[in-house]
Chemist: 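After the structure tokens below, expect a handful of questions from me.
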Amino acid sequence: MVVTVKKKFRLAFQYDDPFVFVLIVPLTVGRCVSRRNDSFDAYTGRVYENVNNLFRDDVRQVGEKIHRHLPETSTLGVTWKPRSIVANSSHYQVGPFEMSLPNRKVVIVGGGFAGIESAKRLGKCDCVDVTIIDKRNHHVFQPLLYQVAMAGLDPSDIASPIRSMLSHYKNVRTLLGRVTDFDLERHVVISEIGEIPFDYLVVASGAMHSYFGNDQWEKYAPGLKSLPQATEIRRRVLIAFEEAELTEDKAEQDEWLTFVIVGGGPTGVELAGAIAEMARNTLRRDFRTIDASLARVIVVQGGDRILKQFPDDLSDYGKKALESIGVEVCLGDRVTNINEHGVQVGSQFLRAKTVIWAAGVQGSPLGKALGAETDRSGCVIVNSDLSIPNHPNVFVAGDLAAAKDQHGNPLPGLAPVAIQQGRYLGEMISREAQCAAINRPASGRQPFHYHDKGQMATIGRRRAVAKSGRIELTGWLAWLSWLFIHIVYLNGFRNRFFVFFSWAWSYLTFARGARLIMPKHWRITKD
């Protein structure tokens with residue numbers, strides 16, 4: 001006999017047991033009719049009470065009968081089965097409705113693009129319990145971090161609390177804590193807040209800056225991967241103009257008004273263009289002793305061209321666009337030293353008080369804690385399904401994964417890659433958990449395929465480069481495309497509205513409303 005309800009649910013069972021008919025059919029109908037209604041618990045309680053009155057069998061035998069019939073006969077792929085009936089010493093007691101087998105536990109480490117997308121997909125599956133843990137309580141839209149560093153946007157414009165982003169997924173729990181290690185044999189994540197067991201593990205803790213073995217440079221040249229780093233860069237850039245205003249020494253003024261960006265990728269180019277435009281358009285009328293428009297901005301790139309991820313013609317356009325707004329581009333020489341006075345580039349020493357690092361990156365230290373093989377940058381080498389060798393239930397995604405596309409080419413560390421990987425893992429784990437819930441083997445895993453939507457970089461006002469497939473854009477059209485794409489991908493209507501408003505206001509007035517210097521020390525008393 002086959003019972004079909006609302007097309008979405010199909011329950012087939014053998015009509016050879018009156019218990020199955022009396023119990024399962026009402027529950028199936030009630031589940032469909034009252035699926036999102038709080039009164040469903042009361043409904044199921046009444047059904048179980050009637051069944052208990054009809055059948056005086058031992059409650060444990062009743063529970064076994066349910067489990068024996070449903071896994072073998074149900075063609076419902078996915079969502080539910082009655083929880084085992086339990087009893088106490090005095091009377092029969094029926095538990096609420098849930099999966100007959102325990103939900104799979106999924107732990108996600110990292111609240112970046114990959115982690116958030118995985119959690120959102122898994123949040124729609126009733127067969128899993130998800131725990132996402134991050135050392136920060138917010139998700140950051142990293143492509144716009146440079147706008148915070150350059151006082152164009154407030155930190156809250158590009159960040160959202162992870163809890164609020166996932167609050168409507170009832171099977172997702174958010175934890176604030178730092179993961180320190182993994183025990184893959186015992187299937188637990190070791191963190192500062194305790195051990196967290198898992199059936200599936202997704203590690204998406206991202207990447208950090210690499211100073212190529214010269215970590216002492218970080219003190220003088222902060223990178224740009226987080227909001228604290230962005231606000232520190234903003235503080236240093238704005239203080240440089242203030243200190244130049246205070247001194248009467250011309251040589252010292254020149255040092256304060258010289259900004260060196262190490263790295264000619266999209267981040268370095270965007271930072272250089274933003275500093276040059278802020279000095280020439282926003283700050284030139286705010287000072288009396290100095291001429292802010294004379295600030296010197298230098299991009300240092302060890303290769304023979306900037307924006308090497310783009311074709312040669314777009315790279316050449318980017319170099320010319322930077323030079324048109326007064327940015328100096330230094331190619332072919334590597335940085336050999338950085339100190340409080342400036343940067344050693346080849347045989348030349350550039351005296352500068354403000355240096356920003358936008359060069360190498362390396363994987364999070366958690367990649368090595370997994371015990372898997374890593375590449376030279378510390379990223380974990382993964383299989384085609386993003387799992388690590390010998391552990392099919394452990395996955396690495398985002399910037400930490402050294403993954404390849406369907407053609408064998410390494411995937412770049414871009415937001416679209418992390419987003420697609422997160423969605424892929426969420427859907428795959430959901431499918432396997434649904435099959436496990438009804439004791440059926442899952443189909444083979446399909447390898448991850450990246451759909452390249454292109455990449456963009458903005459160089460300043462009405463200047464940008466974009467490439468998507470065979471389409472290449474420069475100038476005004478590329479700049480408008482860059483604005484539109486980044487607003488669309490921002491999380492939440494509030495962020496989209498305020499970013500759009502801030503950009504429109506800045507375009508019309510050349511103003512930057514977030515020019516606040518936040519001190520690092522907050523205490524007014526001393527021990």
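All values derive from a computational prediction rather than experimental measurement.
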Chemist: Hey, what's the ring geometry for Trp479 with Trp476, parallel, tilted or perpendicular (30° and 60° as the breaks)?
Modeler: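 Tilted.
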Chemist: Please determine, by modelled atom types, if Asp249 and Thr247 share a side-chain donor-acceptor pair under 3.5 angstrom.
Modeler: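 Distance-only check fails for Asp249 and Thr247.
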Chemist: Passes side-chain hydrogen bond (donor to acceptor under 3.5 Å, both in side chains), Ser387 versus Asp385? Steps please.
Modeler: CA-CA 6 Å; Ser387 66; Asp385 62 353; 2.7 Å; yes
Chemist: Carefully, step by step, assess Thr354 and Ile275 under the rule side chain to side chain contact (heavy atoms under 4.5 Å, CB included).
Modeler: CA-CA 11 Å; Thr354 306; Ile275 294 176; over 6 Å; no
Chemist: If only atom types and distance count, is the side chain of Asn339 paired as donor or acceptor with the main-chain N or O of Gly342 below 3.5 Å?
Modeler: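 A pair under 3.5 Å: yes.
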Chemist: Does any part of the side chain of Met456, heavy atoms only, come nearer than 4.5 Å to the side chain of Ser481, both counted from C-beta?
Modeler: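 SC-SC contact between Ser481 and Met456 confirmed.
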Chemist: Are Val499 and Gln147 side-chain neighbours, meaning at least one heavy-atom pair lies under 4.5 Å?
Modeler: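 Not touching, per the 4.5 Å side-chain cut-off.
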Chemist: Looking at every non-hydrogen atom in both residues, tell me the closest pair between Val148 and Ala230 and how far apart they are.
Modeler: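 Reported closest heavy-atom pair: CG1-CB, 4.0 Å.
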Chemist: Give the ring-plane orientation class for Phe113 versus Phe141, where under 30° counts as parallel, over 60° as perpendicular and anything between as tilted.
Modeler: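 Plane angle over 60°, so perpendicular.
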Chemist: So, do Asp333 and Gln348 sit near enough that their side-chain heavy atoms are less than 4.5 Å apart?
Modeler: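 Not touching, per the 4.5 Å side-chain cut-off.
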Chemist: Are any non-hydrogen side-chain atoms of Thr458 and His486 less than 4.5 angstrom apart?
Modeler: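 No, every pair of side-chain atoms sits at 4.5 Å or beyond.
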Chemist: So that I know where these two stand, are Trp503 and Trp482 an aromatic pair - ring centroids less than 6.0 Å apart?
Modeler: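 Between Trp482 and Trp503, which both carry aromatic rings, the centre distance is below 6.0 Å.
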Chemist: Would you mind checking if Asp316 and Lys320 are paired as a salt bridge, meaning a charged N to carboxylate O distance below 4.0 Å?
Modeler: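 Salt bridge: no.
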Chemist: Which heavy atom of Phe182 sits nearest to which heavy atom of Leu366, and what is that distance?
Modeler: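 Shortest heavy-atom contact: CE1-O, 3.7 Å.
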Chemist: Check this for me: does any side-chain nitrogen of one of Arg305 and Asp312 sit under 4.0 Å from a carboxylate oxygen of the other?
Modeler: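 Yes, this pair counts.
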Chemist: If every non-hydrogen atom of Leu283 is compared with every non-hydrogen atom of Ala292, which pair is closest and at what distance?
Modeler: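 Minimum heavy-atom separation between Leu283 and Ala292: O-CB, 3.7 Å.
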Chemist: Can you tell me how the ring of Tyr211 sits relative to the ring of His209, calling it parallel under 30°, perpendicular over 60° and tilted otherwise?
Modeler: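 The rings of Tyr211 and His209 sit tilted, inter-plane angle from 30° to 60°.
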Chemist: Donor-acceptor check, side chain of Arg280 to backbone of Ile325, threshold 3.5 angstrom: yes or no?
Modeler: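 Yes; judged by distance alone, with no hydrogens or angles, the pair exists.
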Chemist: Would you find a donor on one side and an acceptor on the other, under 3.5 Å apart, between the side chain of Asn214 and the backbone of Trp217?
Modeler: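 Absent.
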Chemist: Between Arg463 and Arg461 (side chain of the first, backbone of the second, donor and acceptor by atom type, cut-off under 3.5 Å), is there such a pair?
Modeler: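 Yes.
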Chemist: Do Ile298 and Val345 make a side-chain contact, defined as non-hydrogen atoms from C-beta onward lying under 4.5 Å apart?
Modeler: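 They are not in contact (no side-chain heavy atoms under 4.5 Å apart), so the answer is no.
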Chemist: Tell me whether the centres of the aromatic rings in Tyr424 and Tyr450 are closer together than 6.0 Å.
Modeler: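 No, the ring centres sit 6.0 Å or more apart.
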